[in-house]
Amino acid sequence: MSGPDYGIEQPNGARVYNALIGGKDNYEADRRVQFMLVELCPSLPRTLWRARDFVESTARRLVVTGVRQFVDLGAGFPRDGDALAQLRVLAPDSTLVSLDNDVLVNAHGRALLPPRTVVVDADYTNGVELTKALDCELDLTKPVAVILASVLDHLARPTDLLETLGAILVPDSYLVITHLGSDLLSDPTAVAAVFEGAGMPLFPRDRVELRALLDGFDVQKVDVVPADSLVPNAEPLAVATTATISSYGAVARILGPVESSQREKESRI
Ligand SMILES: C[S@@+](CC[C@H](N)C(=O)[O-])C[C@H]1O[C@@H](n2cnc3c(N)ncnc32)[C@H](O)[C@@H]1O
């Protein structure tokens with residue numbers, strides 16, 4: 001995705017995603033893209049909501065395993081009750097970081113995210129800048145869970161970001177990923193073309209490709225995100241309940257040095 005365009009005559013990536021989930025922080029240009037996408041893929045809003053449920057339930061699970069540092073990379077506009085809000089209640093001592101390169105997203109974040117959330121303006125495609133930002137806000141000697149929701153599927157070379165994260169995060173840190181599936185969308189090429197036309201290239205990948213991106217991590221899950229919300233009565237948009245879900249949810253753990261060298265040896269056999 002290229003740098004944010006703040007004009008209201010042009011679509012903006014964060015605002016288009018906000019429109020897709022029925023938010024109010026968007027303009028006509030963003031809604032035009034939303035309509036084109038929903039026409040091509042009527043289940044896209046539902047997919048994005050269920051992808052959020054997946055991120056939230058995974059973050060809650062990671063709290064139970066003891067993780068107390070969470071970063072939402074490419075966080076987008078804040079939503080009521082989102083993962084960071086839930087984490088602040090569930091584990092009040094957690095360090096919460098929201099990172100985005102869109103200044104309007106970050107202004108909303110500073111006003112609306114839960115207390116003591118650190119909002120960082122940085123570019124996650126710049127490894128040096130990202131490393132500096134995370135090192136400044138987190139204790140990188142302890143595990144961190146990094147949320148990558150609808151982020152890797154907008155990168156032509158997501159391995160660059162994954163390598164940066166793999167290099168700076170300690171073992172037992174986690175990546176929580178949602179990613180549109182080329183094998184889950186009925187017309188991935190057309191969907192990608194609409195995103196591309198709106199200045200936010202999309203690279204849907206199939207399950208095998210997504211799994212391959214995560215080689216080098218302990219991949220704990222790559223599955224279609226559950227179609228049913230875990231939150232009762234939480235259907236914000238009137239869509240058919242039979243709509244298919246087009247996103248994968250993945251969880252990957254950073255391996256320790258012994259596990260990594262064992263893995264390398266096994267791959268040579
Ligand atoms: C597709 S939206 C996803 C938003 C949110 N994660 C969600 O799941 O709804 C991508 C977000 O990443 C931000 N973004 C795009 N490129 C970025 C970059 N290079 N560095 C930091 N943030 C970026 C956009 O501003 C936007 O808020």
Side-chain angles (χ1 to χ4, degrees), residues 1-6 10-26 30 33-34 37 44-59 70-85 96-110 112-113 117 119-134 137 145-158 160-162 164-165 175-180 191-192 194-196 198-204 225 236-237 245-250:
M1 202 183 297
S2 55
D5 190 327
Y6 299 111
Q10 295 298 323
N12 159 292
R15 294 190 323 229
V16 168
Y17 267 72
N18 176 266
L20 280 166
I21 59 157
K24 59 177 176 38
D25 300 307
N26 50 74
D30 310 305
V33 179
Q34 172 210 356
L37 287 169
L44 193 54
R46 185 184 179 85
T47 287
L48 296 179
W49 275 102
R50 295 297 77 88
R52 272 155 204 278
D53 288 346
F54 168 79
V55 168
E56 290 160 18
S57 62
T58 307
F70 294 85
V71 183
D72 195 354
L73 278 197
F77 285 99
R79 294 84 47 189
D80 278 352
D82 67 8
L84 297 186
L96 305 179
V97 176
S98 170
L99 185 147
D100 207 286
N101 69 345
D102 185 310
V103 296
L104 293 179
V105 164
N106 290 335
H108 280 71
R110 288 188 183 95
L112 299 172
L113 284 169
T117 303
V119 176
V120 177
D121 198 332
D123 176 356
Y124 55 55
T125 62
N126 180 330
V128 175
E129 186 175 318
L130 178 64
T131 302
K132 208 167 145 194
L134 297 188
E137 304 303 343
V146 179
I147 298 168
L148 294 159
S150 302
V151 164
L152 299 181
D153 46 8
H154 285 286
L155 293 176
R157 284 175 47 92
D160 293 347
L161 172 56
L162 292 170
T164 300
L165 293 172
L175 307 179
V176 182
I177 296 161
T178 68
H179 192 299
L180 289 178
V191 170
V194 174
F195 273 110
E196 172 89 44
M200 43 189 311
L202 178 81
F203 307 91
V225 297
L237 299 169
I245 298 296
S246 314
S247 177
Y248 286 110

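Just so we're clear, the structure is a prediction, and the values are computed from it rather than from any experiment. Order of appearance sets the numbers: ligands from 1, and atoms from 1 within every ligand.
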J.: Any atoms of ligand 1 less than 4.0 Å from a non-hydrogen atom of R52? List them with their elements.
T.: 7 (C), 9 (O)
J.: Among V103, D100, V16, N106, whose heavy atom sits nearest atom 24 (C) of ligand 1?
T.: D100
J.: Can you list the atoms of ligand 1 that are under 4.0 Å from a heavy atom of D123?
T.: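 Selected atoms, number and element: 18 (C), 19 (N), 20 (N).
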J.: Could you give the distance from CG (D25) to CG (L104), rounded to the nearest 0.5 Å?
T.: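 Those atoms lie 9.0 Å apart.
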J.: Which of the numbered atoms in ligand 1 are below 4.0 angstrom from a heavy atom of A149?
T.: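 Near A149, meaning under 4.0 Å from one of its heavy atoms, ligand 1 has 3 (C), 5 (C), 6 (N), 7 (C), 8 (O).
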J.: With heavy atoms of A122 as the reference, note each atom of ligand 1 found under 4.0 Å away.
T.: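 That gives atoms 20 (N), 21 (C) of ligand 1.
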J.: With a 4.0 Å heavy-atom cut-off (strictly under), which part of A75 contacts ligand 1: side chain, backbone, both or neither?
T.: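 The part of A75 near ligand 1 is the backbone, not the side chain.
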J.: Atom OH of Y17 and atom CG of L37: how far apart are they, to the nearest 0.5 Å?
T.: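 Between atom OH of Y17 and atom CG of L37 there are 8.5 Å.
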J.: For ligand 1, which atoms, with element, lie under 4.0 Å from some heavy atom of H154?
T.: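 Answer, ordered by atom number: 1 (C).
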J.: Report the distance from atom CG of L180 to atom CG of L48, rounding to the nearest 0.5 Å.
T.: 6.5 Å
J.: In terms of atom number and element, which parts of ligand 1 are under 4.0 angstrom from non-hydrogen atoms of G74?
T.: 3 (C), 4 (C), 5 (C), 6 (N), 11 (C), 12 (O), 13 (C)
J.: Hey, which atoms in ligand 1 end up nearer than 4.0 Å to a heavy atom of D102?
T.: 25 (O)
J.: Distance only, no hydrogens: is a donor on one side chain within 3.5 Å (strictly under) of an acceptor on the other, for N12 and D102?
T.: yes
J.: Report the part of Y17 in contact with ligand 1, treating N, CA, C, O as backbone and CB onward as side chain, heavy atoms under 4.0 Å; options are side chain, backbone, both, neither.
T.: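 For Y17, only side-chain atoms sit under 4.0 Å from ligand 1.
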